[in-house]
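See structure below.
Here the structure is a predicted model, which means the values were calculated and not measured.
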Amino acid sequence: NLDVSVERLQAIDKGKYTQIPYVVKTNSEENMKAAFSSLLKLDHNIALRKAVVKTDSETGESQSVFYISVFEHKGD
């Protein structure tokens, strides 16, 4: 069970394919690795658009936010 928040944004029609943007948030490196491992199992092209990783200097806790696009060929 991953402690990951995933928000799917409105799909964008790109002609022969559809671009589906996602915002993925997690609060640990282990969850981040597990989330990316799950994404890599998809049979689609994936682009990492932006990554923001913050670590609290006092507690050492980290928070990661990834802006990802999944590209699906129409008809899949």
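Put simply, CD1 on Ile12 and OG1 on Thr18 are 10.0 Å apart, with the number rounded to the nearest 0.5 Å. Rounded to the nearest 0.5 Å, atoms NE2 (His73) and CG (Asn45) are 5.5 Å apart. With rounding to the nearest 0.5 Å, the separation of CG in Asp56 from OG in Ser62 is 10.0 Å. Asn27 CG to Ser5 OG: the interatomic distance, rounded to the nearest 0.5 Å, is 10.5 Å.
The two residues Gly60 and Thr55 come nearest to each other via the heavy atoms O-CG2, 3.7 Å. Heavy-atom minimum distance, Pro21 versus Ala11: CD-CA, 4.4 Å. Taking every heavy atom of both residues into account, Leu9 and Ile20 meet most closely at O-CG2, 4.4 Å.
Side-chain atoms of Lys74 come within 3.5 Å of backbone atoms of Gly15 as a donor-acceptor pair (strictly under, hydrogens ignored).
In this structure, Tyr67 is not a member of the same hydrophobic cluster as Tyr22, with clusters built from ILVMFWY side-chain heavy atoms closer than 4.5 Å. With hydrophobic clusters built from ILVMFWY side chains whose heavy atoms lie under 4.5 angstrom apart, Val4 shares a cluster with Ile46. Linking ILVMFWY residues whenever their side-chain heavy atoms come closer than 4.5 Å, directly or via other members, leaves Phe71 and Ile68 in distinct clusters. Each of Val23 and Val70 belongs to its own hydrophobic cluster when Ile, Leu, Val, Met, Phe, Trp and Tyr are linked at side-chain heavy-atom distances under 4.5 angstrom. With hydrophobic clusters built from ILVMFWY side chains whose heavy atoms lie under 4.5 angstrom apart, Val24 shares a cluster with Leu48.
Evaluation of the side-chain contact (heavy atoms from CB on, under 4.5 Å) rule for Glu61 yields Thr59 as partners, not counting sequence neighbours.
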